[in-house]
Amino acid sequence: MKTAIRKSILALGIAAGMTSAAMAQQGVTDTEVLIGSNGDQSGIFAPFNVQAIKAAQMKFDEVNEAGGIHGRKIRMIVEDHQYQVPKAVANFNKLINSDGVFAMILNLGTPHNIAGFPLMQAKKVANIAPLTSARQMLEGDITYKYAGFSSYYDQIKAGVDYLVKEKGAEEICAMYIPSDFGKEIQEGAVDKAEELGKTWAAETTHKPDETDFVGALTKLKDAGCDIVATALGVRQTIIAVATAKKLGWNDVSFLGSSAAYHEAIASQPGGITDGYYAAGGWADYKPRMDDPEVKKWHDDFVAKYNEEPGMAAILGYGAAETLVKALEAAGQDLTPESFQKGMESLEFRDVIADADIKMGPGDHQGGDIIVISKVEDGVFKEQARQ
């Protein structure tokens, strides 16, 4: 009798240990790996976020149809924070602590990601390719943080450097929303101006819903600005550039980061945004449609969703490809630790983004290039890369 009791206690102990181990590997079964995404599906950035998710899902569908990764299908749960930080925190709590996702991908927004870091860190949930290029995405403990491309700060510095050398610019300025995003753009422009010995001539700050830029542009024009670094919304950027042209200010270069590297800015009728520059971590696919792999990706997206892929689709597909390759490299025994090793072993060519992706221990930024593009004939055309 005592022997039977001891065996029962031992069995319970083993079962408890197995339960603890299973809890440690949340989001992973023999047949599935569960991925979460927390973004803006119905707010001001919904058009961008929704298309990124569509492109990621297209990649996951391709992988699942081919049998998955080590026998596991990828299932993605998407939550909508409507670009509200409190809602984002609630979503992170649901995805991580209730749904039990293994990793997260394409989380949108700088303050939203920052608010979710403690929750992700506590459960060793990796944050892969967030839809923000803020420097904060790779600050502090980066064990479970993986950025897709270069930061806003580095992009603007590269753009200012290019325009100073290309056009002999002397007076550097900025128009920005005074948020973490806007301040990072401003700091990048200020720091590069100082490095090059150029004059920081003027700056203007704006509300996120501001649409009248006549006064601000008049001030910047009077200050003799040769370059204006912009950290505005997409619609605001279009209005600002169009207003400058209406004011007859044509000898200035407007420069944005990857946040302004958007087809809506390039494709405005009448060429009102022609000449606008943006510095991002990838290249627009449209000028590369003669590449068979790029064309197939484009055609597959159109066939699946009945819409043209934009910049967001490039990022979404690339993020999903990164995740898939890391899962493959992690092996059958999938844990946060094996996944980290998988991520840190990555080195591949992202053909759609036209960028080399490489990570390693202490280096969790996938792409390092900065592509400087200019709006010409309705598309962003590459001018240089650093």
Does the Lys NZ or Arg CZ of K145 fall within the cation-pi geometry relative to F117 - under 6.0 Å from the ring centre and within 45° of the axis? yes

Do K124 and Y144 meet the cation-pi criteria used here (NZ or CZ under 6.0 Å from the six-membered ring centre, within 45° of the axis)?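 No; the conditions do not both hold, so K124 does not lie above the ring face of Y144.
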
Do the side chains of [Y] and [X] get nearer than 4.5 Å, heavy atoms only?
X: V164; Y: I227; answer: yes
X: K157; Y: Q386; answer: no
X: V50; Y: Y305; answer: no
X: I177; Y: K183; answer: no
X: M104; Y: I128; answer: no
X: V214; Y: T243; answer: yes

Hey, is [X] close enough to [Y] for a salt bridge, meaning N to O under 4.0 Å?
X: K325; Y: E328; result: no
X: D354; Y: R385; result: yes
X: R135; Y: E187; result: yes

Minimum heavy-atom separation for [X] to [Y], with atom names?
X: E307; Y: K54; value: OE1-NZ, 2.9 Å
X: G36; Y: L95; value: CA-CD2, 4.3 Å
X: P309; Y: V302; value: CD-CG2, 4.0 Å
X: I370; Y: A279; value: CG2-CB, 4.0 Å
X: W249; Y: L217; value: CZ3-O, 3.7 Å
X: A313; Y: A55; value: O-CB, 3.3 Å

Go through the steps to decide whether Q121 and D141 satisfy the test side-chain hydrogen bond (donor to acceptor under 3.5 Å, both in side chains), and finish with yes or no. CA-CA 9 Å; Q121 201 81 353; D141 183 358; 2.9 Å; yes

Quick one: side chain to side chain donor-acceptor pair (under 3.5 Å) partners of K94, sequence neighbours excluded? E79, D99

Partners meeting side chain to side chain donor-acceptor pair (under 3.5 Å) with N97 (sequence neighbours left out): N93, K123

Determine whether F48 and L315 satisfy the following criterion, side-chain contact (heavy atoms from CB on, under 4.5 Å), listing intermediate values before the conclusion. CA-CA 10 Å; F48 189 85; L315 299 185; 3.8 Å; yes

If you count every heavy atom of other residues, nucleotides or ligands that lies below 6.0 Å from [X] atom [atom1], does the total exceed 12?
X: D222; atom1: CG; value: yes
X: D30; atom1: CG; value: no
X: K295; atom1: NZ; value: no

Taking the six-membered ring for Trp, are the ring centroids of [X] and [Y] within less than 6.0 Å of each other?
X: Y83; Y: F45; answer: yes
X: F213; Y: H206; answer: yes
X: Y261; Y: F380; answer: yes

Take R75 and E32, measure what salt bridge (charged side-chain N to carboxylate O under 4.0 Å, His left out) needs, and give me the verdict at the end. CA-CA 7 Å; R75 180 162 67 93; E32 180 181 86; 2.9 Å; yes

Are I372 and Y153 connected in a single hydrophobic cluster, I mean Ile/Leu/Val/Met/Phe/Trp/Tyr linked by side-chain heavy atoms less than 4.5 Å apart?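 Different clusters: Y153 never reaches I372 through Ile, Leu, Val, Met, Phe, Trp or Tyr contacts under 4.5 Å.
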
Once the angle between the rings of F181 and Y152 is folded into 0 to 90°, is it parallel (under 30°), tilted (30 to 60°) or perpendicular (over 60°)?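 Geometry flag for Y152 against F181: perpendicular rings.
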
Taking the inter-plane angle between the rings of F149 and W282 on a 0 to 90° scale, is it parallel (under 30°), tilted (30 to 60°) or perpendicular (over 60°)?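 Because their plane-to-plane angle lies in the 30° to 60° range, the rings of F149 and W282 count as tilted.
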
Just do the salt bridge (charged side-chain N to carboxylate O under 4.0 Å, His left out) check on K374 and E382 with the steps written out, would you? CA-CA 6 Å; K374 179 183 179 182; E382 181 175 333; over 6 Å; no

Scan side-chain atoms only and decide if S258 and Q155 contain a donor-acceptor pair under the 3.5 Å cut-off. yes

S42 vs D80, test: side-chain hydrogen bond (donor to acceptor under 3.5 Å, both in side chains). Steps then yes/no. CA-CA 7 Å; S42 61; D80 179 14; 2.5 Å; yes

Spacing of OG1 belonging to T322 relative to CE belonging to M359, to within rounding of 0.5 Å: 5.5 Å

Could you walk me through whether S151 and S133 pass the side-chain hydrogen bond (donor to acceptor under 3.5 Å, both in side chains) test, one step at a time? CA-CA 5 Å; S151 69; S133 293; over 6 Å; no

Is there a donor-acceptor pair under 3.5 Å between the side chain of D226 and the backbone N or O of V252? no

Would you check, one step at a time, whether the test side-chain contact (heavy atoms from CB on, under 4.5 Å) holds for K87 with F92? CA-CA 9 Å; K87 180 68 172 172; F92 276 121; over 6 Å; no

Which is it for Q365 and Y146 under the side-chain contact (heavy atoms from CB on, under 4.5 Å) test, yes or no, and what are the steps along the way? CA-CA 6 Å; Q365 179 176 295; Y146 303 93; over 6 Å; no

Sequence neighbours left out, what pairs pass salt bridge (charged side-chain N to carboxylate O under 4.0 Å, His left out) with at least one residue falling in residues 227-247? none

Using the rule given for salt bridge (charged side-chain N to carboxylate O under 4.0 Å, His left out), can you reason through D377 versus K381, listing the C-alpha separation, both sets of side-chain angles and the distance that settles it, and then say yes or no? CA-CA 9 Å; D377 301 323; K381 293 186 179 179; 3.5 Å; yes

Could you go step by step and tell me if D161 and K165 meet the salt bridge (charged side-chain N to carboxylate O under 4.0 Å, His left out) rule? CA-CA 6 Å; D161 183 72; K165 293 175 180 176; 3.1 Å; yes

For ring pair (Phe, Tyr, Trp, His ring centres under 6.0 Å), just list the numbers for F102 and F339, CA-CA rounded to whole Å, side-chain angles, deciding distance to a tenth of an Å, and then say yes or no. CA-CA 10 Å; F102 174 73; F339 183 77; 5.6 Å; yes

Residue among N38, N127, T132 satisfying side chain to side chain donor-acceptor pair (under 3.5 Å) with N113: N127

Apply side-chain contact (heavy atoms from CB on, under 4.5 Å) to the pair Q236 and T230, showing each step before the final yes or no. CA-CA 10 Å; Q236 288 181 307; T230 62; over 6 Å; no

